[in-house]
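The next block holds one structure in the form of structure tokens; read it before the comments.
Proteins come first, then strands; the chains are lettered A, B, ... in the order of their sequence lines, and each starts at number 1.
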Amino acid sequence: KAGVTQTPRYLIKTRGQQVTLSCSPISGHRSVSWYQQTPGQGLQFLFEYFSETQRNKGNFPGRFSGRQFSNSRSEMNVSTLELGDSALYLCASSPRRDEQFFGPGTRLTVL
Amino acid sequence: GIQVEQSPPDLILQEGANSTLRCNFSDSVNNLQWFHQNPWGQLINLFYIPSGTKQNGRLSATTVATERYSLLYISSSQTTDSGVYFCAALSTSGTYKYIFGTGTRLKVLA
């Protein structure tokens, strides 16, 4: 069974731009969670989608948003990028909202 | 919300040594996972262990949910064990939101 895939793997943007990241979960997994990892703040929960609905949200500004499609694939969007948004963005899928399995991440650099 | 603390923050070992990493959590948990983050950033699942003890090769883990801690044991360490180890806890609050500890950075010297 294929693992969680994330695209793109690397991204460079400038301040003020917006970005969309994509995550394809393991086949059959309906829950997708997103995390931001930075050296200063560690791994922080962004949000979770289950059956196309956002079920949980972390403490991030409204510039961070996401969605989930009927095939469970998920996208997250960050608008009006700031330097502090530079981070590794990790996506995890779960079959029954229990154990999580992570993708390789997208490394975003904001210049 | 639940707080998750890991110790030690850094650990340097000689190849062949054993080590114990600790994860304390401030509230009751439904689930607990241990991960190893490789140099490219991917989190590799080590154990899914809400309670009890599990073993996988040279690694084993124990979670004592009633006392709010989990331990990861690495025996006969190898240089490939180097990296950052994270624990992540899911509280019983009803929200599906894993909280990660700050990690233990392990370096195994040849």
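A distance of 6.0 Å separates CG in B/Leu43 from CG in A/Leu43, rounded to the nearest 0.5 Å.
Residues B/Val4 and B/Leu11 are members of one and the same hydrophobic cluster, defined by side-chain heavy-atom contacts under 4.5 angstrom among Ile, Leu, Val, Met, Phe, Trp and Tyr. In terms of hydrophobic clustering, with Ile, Leu, Val, Met, Phe, Trp and Tyr side chains grouped at heavy-atom distances under 4.5 Å, B/Ile49 and B/Leu59 are assigned to a common cluster. In terms of hydrophobic clustering, with Ile, Leu, Val, Met, Phe, Trp and Tyr side chains grouped at heavy-atom distances under 4.5 Å, A/Leu108 and A/Leu88 are assigned to different clusters. Grouping the Ile, Leu, Val, Met, Phe, Trp and Tyr side chains by contacts below 4.5 angstrom, directly or via other members, places B/Phe100 apart from B/Phe25. Note on B/Leu90 and B/Leu72: separate hydrophobic clusters, where clusters join Ile, Leu, Val, Met, Phe, Trp and Tyr whose side-chain heavy atoms are under 4.5 Å apart, directly or indirectly.
Taking a 6.0 Å sphere around CZ of A/Arg63, one finds it holds more than 12 heavy atoms contributed by other residues, nucleotides or ligands.
Residues that satisfy the ring-ring contact (aromatic ring centres under 6.0 Å, His included) test with A/Phe64, not counting sequence neighbours, are A/Phe60.
Chain B forms more heavy-atom pairs under 4.5 Å with one residue of A/Phe102, A/Phe50, A/Phe47 than with any other, namely A/Phe102. Each of A/Gly42, A/Gly3, A/Pro104 has some count of heavy-atom pairs under 4.5 Å with chain B, and the biggest count is that of A/Pro104.
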Taking donor and acceptor roles from the modelled atom types, list the N and O pairs under 3.5 Å across chain A and chain B.
residue  : atom : partner : partner atom : Å
A/Gln37  : OE1  : B/Gln37 : NE2          : 2.8
A/Gln37  : NE2  : B/Gln37 : OE1          : 3.0
A/Asn56  : ND2  : B/Tyr96 : O            : 3.2
A/Ser94  : OG   : B/Tyr96 : OH           : 3.3
A/Asp98  : O    : B/Tyr96 : OH           : 3.1
A/Asp98  : O    : B/Tyr98 : OH           : 2.8
A/Glu99  : OE2  : B/Asn45 : ND2          : 3.2
A/Gln100 : N    : B/Gln33 : OE1          : 2.8
A/Gln100 : O    : B/Gln33 : NE2          : 3.2
A/Gln100 : O    : B/Asn45 : ND2          : 2.8
A/Phe102 : O    : B/Gln42 : NE2          : 3.1

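Evaluation of the salt bridge (charged side-chain N to carboxylate O under 4.0 Å, His left out) test over residues 29-41 of chain B, restricted to residues two or more places apart or in two chains, returns none.
Contacts from residues 75-82 of chain A to chain B, taken as heavy-atom pairs separated by less than 4.5 Å, involve no residues at all.
For chain B, the nearby part of A/Phe45 is the side chain; its heavy atoms alone come within less than 4.5 Å.
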